[in-house]
Amino acid sequence: MGTVPTINLNNGQTIPQLGFGVFQIDPAETADAVRQALEIGYRHIDTAEMYGNEAGVGEAVRSSGLDRDDLWVTSKLNNGFHRPDDARRAFDDTLAALGLDHVDLFLIHWPLPTQYDGDYVSTWKTLEEFYHDGRARSIGVSNFQPTHLRRLAQESDVVPAVNQVEVHPYLTNEEVRAYGRDHGIATEAWSPIAQGGVLHDPEITVIADRLGKTAAQVVLRWHVQRGDIIFPKSTTPSRIRENFEIFDFELTDADVTAISALDKGEEGRTGPNPDVFDYIPA
Ligand SMILES: NC(=O)c1ccc[n+]([C@@H]2O[C@H](COP(=O)([O-])OP(=O)(O)OC[C@H]3O[C@@H](n4cnc5c(N)ncnc54)[C@H](OP(=O)(O)O)[C@@H]3O)[C@@H](O)[C@H]2O)c1
């Protein structure tokens with residue numbers, strides 16, 4: 001089996017293109033799930049304060065026996081803590097929950113343009129502090145639309161290393177990806193298999209049958225060949241392994257084009273639209 005490729009970020013760091021996502025994994029089960037992923041060979045874990053399971057991620061990472069420098073850990077700022085002092089406290093809490101002295105990547109989870117007087121810029125400038133003091137080796141954003149990214153470009157200094165957005169065959173999100181490509185911001189594709197929603201599409205299952213692969217493997221491979229970073233979530237041991245075995249085959253250009261053509265635009269979105277999403281935890 002091939003090894004996981006890395007993607008070069010705009011600040012010289014390199015991130016494994018395939019990781020393991022832990023959204024909706026029960027905090028009590030997270031350490032076990034991450035341990036299994038690390039045993040299979042995953043070296044990149046994607047968590048968030050709002051998932052409530054940073055402690056489980058940290059426990060698995062710290063007890064893995066792996067060199068910290070060989071692991072990539074991402075977390076994200078809770079929507080409730082965008083004000084600078086809150087963000088500073090929240091970041092301290094993230095490191096404490098993980099039991100680590102740094103994260104590899106810290107993201108603003110959502111732009112929340114209708115909250116905090118639309119001020120995600122001072123939040124971003126606070127993340128710049130974590131980057132400059134070395135406790136976040138890279139910083140980035142999540143769910144930022146081109147208009148939000150343009151504003152950061154005008155009003156701040158550090159270009160986000162990544163933008164983590166919903167991308168899968170039913171929402172290919174080309175405009176956001178193109179902005180990233182043009183401005184040196186790597187795209188991370190969340191819900192890469194649309195939480196399973198694309199796996200019965202005949203266009204995908206026909207390709208999977210031809211290649212002797214599963215639909216999930218074909219879709220994850222499609223992301224990889226498009227150059228995006230992915231971290232599928234699973235708590236099923238056989239699927240954690242299946243999702244890792246995507247480097248021993250290739251899709252043709254025609255396969256990639258056919259899967260991209262399944263895009264349904266806004267209709268294909270499974271999560272909230274970032275322009276209007278305004279959720280702040282109680
Ligand atoms: N930044 C954001 O706003 C944001 C939003 C959503 C997600 N994310 C990140 O992206 C990661 C992935 O997204 P996601 O968890 O929403 O969805 P996903 O990875 O697209 O799909 C996960 C779902 O698909 C199932 N599944 C996984 N592998 C499978 C396979 N090989 N065959 C059939 N079913 C399979 C899982 O079931 P089982 O677990 O039962 O196996 C689970 O129900 C998250 O964990 C999180 O790290 C970020």
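Worth knowing before you read on, the calculation uses all heavy atoms, side chains too, and leaves out hydrogens, waters and symmetry mates. As the structure lists them, so they are numbered: ligands from 1, and atoms in each ligand from 1.
Below 4.0 Å from some heavy atom of Thr236 lie the following atoms of ligand 1, by number and element: 38 (P), 40 (O), 41 (O). Contact atoms of ligand 1 toward Asp46: 9 (C), 46 (C), 47 (O) (distance under 4.0 Å to a heavy atom of the residue). For ligand 1, the atoms sitting less than 4.0 Å from at least one non-hydrogen atom of His109 are 1 (N), 2 (C), 3 (O), numbered in the order shown with element in parentheses.
Of the protein's non-hydrogen atoms, Gln195 CG, 3.4 Å is the one closest to atom 17 (O) of ligand 1. Closest to atom 45 (O) of ligand 1, if we only count protein heavy atoms, is Phe23 N, 3.0 Å. Looking only at heavy atoms of the protein, atom 38 (P) of ligand 1 is closest to Arg239 NH1, 3.3 Å. Here the heavy atom of the protein found nearest to atom 27 (C) of ligand 1 is Lys233 O, 3.1 Å.
Considering backbone and side-chain atoms alike, Leu199 places every N or O at 3.5 Å or more from each N or O of ligand 1. In terms of N/O distances under 3.5 Å, ligand 1 is not approached by Ala216. Taking only nitrogen or oxygen atoms, main chain and side chain alike, Glu242 reaches within less than 3.5 Å of ligand 1. Annotation: Pro232 places no N or O atom under 3.5 Å from an N or O atom of ligand 1; distance criterion only.
Considering Ile193, Ile25, Ile108 only, the shortest heavy-atom separation from atom 26 (N) of ligand 1 involves Ile193. Among Trp110, Trp190, Phe20, Tyr51, the residue whose heavy atom sits closest to atom 46 (C) of ligand 1 is Tyr51. Nearest to atom 1 (N) of ligand 1 by heavy atom, out of Ser238, Ser142, Ser75, is Ser142.
Crowding of Asp133 atom CG: a count of heavy atoms from other residues, nucleotides or ligands under 6.0 Å exceeding 12.
Both the sub-6.0 Å distance and the 45° axial angle are satisfied by Arg151 relative to the ring of Tyr120. Cation-pi check for Lys264 over Tyr170 is met; the charged atom lies under 6.0 angstrom from the ring centroid and within 45 degrees of its normal.
Ring centroid separation for the pair His44 and Phe20 does not come in under the 6.0 Å cut-off. Note: His109 and Phe277 fail the aromatic proximity criterion, with ring centroids not under 6.0 Å apart.
Distance check, rounded to the nearest 0.5 Å: OG1 of Thr6 to CG of Leu9 gives 9.0 Å.
Each of Val73, Val22, Thr47 was compared with Val34 under the side chain to side chain contact (heavy atoms under 4.5 Å, CB included) criterion, and only Val22 meets it.
Within the 4.0 Å heavy-atom shell around ligand 1 one finds Val22. Taking a 4.0 Å cut-off on heavy atoms, Ala194 registers as neighbouring ligand 1.
Hydrophobic clustering, with ILVMFWY side chains joined whenever heavy atoms are under 4.5 angstrom apart, groups Trp124 together with Phe130. A continuous path of Ile, Leu, Val, Met, Phe, Trp and Tyr side chains, each step under 4.5 Å between heavy atoms, connects Tyr51 with Ile240, placing both in one hydrophobic cluster.
Heavy atoms of Asn143 found under 4.0 angstrom from ligand 1 belong exclusively to the side chain.
Sorted by first then second residue, the salt bridge (Lys or Arg N to Asp or Glu O under 4.0 Å) pairs that include residues 61-75, not counting sequence neighbours, are Arg68-Asp104.
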Checklist entry - Where do Gln13 and Ser138 land on the side chain to side chain donor-acceptor pair (under 3.5 Å) test, with the steps shown first? => result CA-CA 8 Å; Gln13 300 278 323; Ser138 296; 4.7 Å; no

